[in-house]
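Worksheet: the structure to be examined is printed underneath.
Reminder, nothing fancy here: chain letters follow the sequence lines and each chain counts from 1.
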Protein chains: 2
Amino acid sequence: MSKSELPRPTEAELAILRVLWDRGPSTVREVTDALQEARGTGYTTALKLLQIMIDKGLVQRDDSAKSHVYEAVAAAETTQRQLVSDLLERAFGGSAHQLVLQALSAKRASSDELAEIRVMLDEFEKKSK
Amino acid sequence: MSKSELPRPTEAELAILRVLWDRGPSTVREVTDALQEARGTGYTTALKLLQIMIDKGLVQRDDSAKSHVYEAVAAAETTQRQLVSDLLERAFGGSAHQLVLQALSAKRASSDELAEIRVMLDEFEKKSK
DNA sequence: TGATATCTACGAATCGCTTCGTAAGAATCT
DNA sequence: AGATTCTTACGAAGCGATTCGTAGATATCA
């Protein structure tokens, strides 16, 4: 079984993935604490979600210790790319520059950010040649 | 009541909105036909969705004729901006340039597209000054 | 007119997501 | 040991999204 076909994470699952990407491998307790303030997630809720995410292949688990340790299977960039790609098709009909435009409008991007994006474009173009 | 607080459309609702943005005001029949190939949506399914979307304020209806005519309340750009903004927070922690980067990676954007995006950045920067 | 087609409205079934209560086992404290 | 705390596992409730069947009203056709 290849890793290439992970399902799109749901909203709650994405919140958990963000914690795992941020903290690295973590226990249920640690995930719960991290989500406590932002979402008020309860302990058994986080546990259940992580168990479901194992079934889906989104996370893997090390259960050698008493408190199991969970880890995201896909890198942040991979999942983010999947999500953007999804939105691009579903909402923009594949028009990347429309998406970028709306992203900048939504964010009211600063000049610094715009400059950063320009650098990215340069690198991107260099690579694709 | 202001129009400013429309809920985020669901997946099926977004598919309908795209038809309405594309075609302009349309009947249930027209929406169903447009979605038939892409999604296999049945007539009563489209009708029910449109009725739900009226409750949510996503569409409005002209029922003066026998076949009611539905129209999107928000412009495409407005909803798209909302969706991108949402994804930006939920998946990227607000980092716009990370989102742009993943969008370009996902799309393998062409040089033409990249050029288009550069033009956009210029205009954007000009406006924000 | 009678049959057929088209439309709206409504209810219900189904499914996935999210949350929580509870039970049972294991470790820790007194 | 006995009580407390922490953990995993599991089931189920609640909710929203999606789909469809059916009924009833209205228009169209033969």
Side-chain angles (χ1 to χ4, degrees), chain A residues 5-20 25-71 79 82-83 86-87 90-91, chain B residues 5-20 25-71 79 82-83 86-87 90-91:
Chain A
E5 272 312 296
L6 294 185
R8 170 156 53 112
T10 67
E11 203 149 331
E13 287 167 352
L14 182 57
I16 285 188
L17 286 176
R18 292 237 280 145
V19 172
L20 296 181
S26 307
T27 64
V28 179
R29 171 69 47 202
E30 291 165 337
V31 169
T32 305
D33 288 350
L35 291 179
Q36 189 56 42
E37 34 191 66
R39 303 186 116 241
T41 306
Y43 184 90
T44 54
T45 299
L47 172 62
K48 181 68 162 187
L49 281 170
L50 282 165
Q51 288 168 345
I52 290 171
M53 291 168 79
I54 284 188
D55 286 344
K56 295 187 178 177
L58 292 172
V59 299
Q60 54 192 1
R61 171 172 74 173
D62 174 356
D63 56 1
S64 60
K66 155 137 207 239
S67 294
H68 301 172
V69 176
Y70 295 82
E71 181 178 5
T79 302
Q82 178 190 7
L83 292 171
D86 222 74
L87 185 66
R90 283 214 322 278
Chain B
E5 272 311 296
L6 294 185
R8 169 155 54 112
T10 68
E11 205 149 329
E13 288 168 352
L14 181 58
I16 286 187
L17 286 176
R18 292 236 280 147
V19 173
L20 297 181
S26 309
T27 64
V28 178
R29 171 69 48 200
E30 291 164 337
V31 169
T32 305
D33 288 349
L35 290 179
Q36 189 57 41
E37 34 189 67
R39 302 187 117 240
T41 307
Y43 184 90
T44 54
T45 301
L47 171 63
K48 182 67 160 187
L49 280 169
L50 282 164
Q51 287 169 344
I52 290 171
M53 291 168 80
I54 284 188
D55 287 345
K56 296 186 179 179
L58 293 172
V59 299
Q60 54 192 1
R61 171 172 72 172
D62 174 356
D63 56 0
S64 59
K66 153 138 208 240
S67 293
H68 301 172
V69 175
Y70 295 81
E71 182 179 6
T79 302
Q82 179 190 7
L83 291 171
D86 222 73
L87 185 65
R90 283 213 323 278

May I have the distance from [X] (atom [atom1]) to [N] (atom [atom2]), rounded to whole angstrom?
{"X": "Leu49(A)", "N": "dC20(C)", "atom1": "CG", "atom2": "P", "value": "11 Å"}
{"X": "Ile52(A)", "N": "dC15(C)", "atom1": "CD1", "atom2": "P", "value": "16 Å"}
{"X": "Glu11(B)", "N": "dC15(C)", "atom1": "CD", "atom2": "P", "value": "18 Å"}
{"X": "Leu47(A)", "N": "dC17(C)", "atom1": "CG", "atom2": "C1'", "value": "16 Å"}
{"X": "Asp55(A)", "N": "dT18(C)", "atom1": "CG", "atom2": "P", "value": "15 Å"}
{"X": "Arg61(B)", "N": "dC7(C)", "atom1": "CZ", "atom2": "P", "value": "14 Å"}

The test is side-chain contact (heavy atoms from CB on, under 4.5 Å); show your working for Gln60(A) and Tyr70(A) and say whether it passes. CA-CA 6 Å; Gln60(A) 54 192 1; Tyr70(A) 295 82; over 6 Å; no
I need the full list of salt bridge (charged side-chain N to carboxylate O under 4.0 Å, His left out) pairs touching [range], with sequence neighbours left out, sorted by first then second residue.
{"range": "residues 35-54 of chain A", "answer": "none"}
{"range": "residues 50-59 of chain B", "answer": "Glu13(B)-Lys56(B)"}
{"range": "residues 58-69 of chain B", "answer": "none"}

So which heavy atom on Gln82(B) is nearest to which on Pro7(B), and how close?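 Scanning both residues, the minimum pair turns out to be NE2-C, 3.8 Å.
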Contact summary for Leu49(B) and Ala12(B), nearest pair of heavy atoms: CD1-CB, 3.9 Å
So do the side chains of Leu83(A) and Thr79(A) get within less than 4.5 Å of each other, counting heavy atoms only?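 Yes; the side chains approach each other to less than 4.5 Å.
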Can you find a pair of side-chain heavy atoms, one from Val69(A) and one from Ser26(A), that are under 4.5 Å apart?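 Contact flag for Val69(A)/Ser26(A) side chains = no.
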With a 3.5 Å distance limit and no angle check, can you tell me whether Arg18(A) reaches the backbone of Arg90(B) through a side-chain donor-acceptor pair?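 Yes.
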Of Thr32(B), Thr27(B), Val31(B), Val28(B), which is the lone residue that meets side-chain contact (heavy atoms from CB on, under 4.5 Å) with Leu47(B)? Val28(B)
With nearest nucleotide decided by heavy atoms, which residue, Val69(A) or Lys48(A), maps closer to the 5′ end of DNA chain D? Val69(A)
Please classify the nucleic acid contact of Gln51(A) as base, sugar-phosphate, or nothing, using heavy-atom distances under 4.0 Å. base
Could you check Leu17(A) against Val59(A) for side-chain contact (heavy atoms from CB on, under 4.5 Å), going step by step and ending with a plain yes or no? CA-CA 8 Å; Leu17(A) 286 176; Val59(A) 299; 4.1 Å; yes
Its contact letters, B for base, S for sugar-phosphate only and - for none at protein heavy atoms under 4.0 Å, make nucleotides 24-30 of chain C read ---S---
If you compare every side-chain N and O of Lys56(A) against the phosphate oxygens of dC17(C) (OP1, OP2), does one of them come in below 4.0 Å? yes
Along DNA chain D, first and last positions that approach a heavy atom of chain A under 4.0 Å: dC6(D) to dA12(D)
Close approaches to DNA chain D from residues 26-46 of chain B, in residue order (heavy atom, under 4.0 Å):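 Correct list: Thr44(B), Thr45(B).
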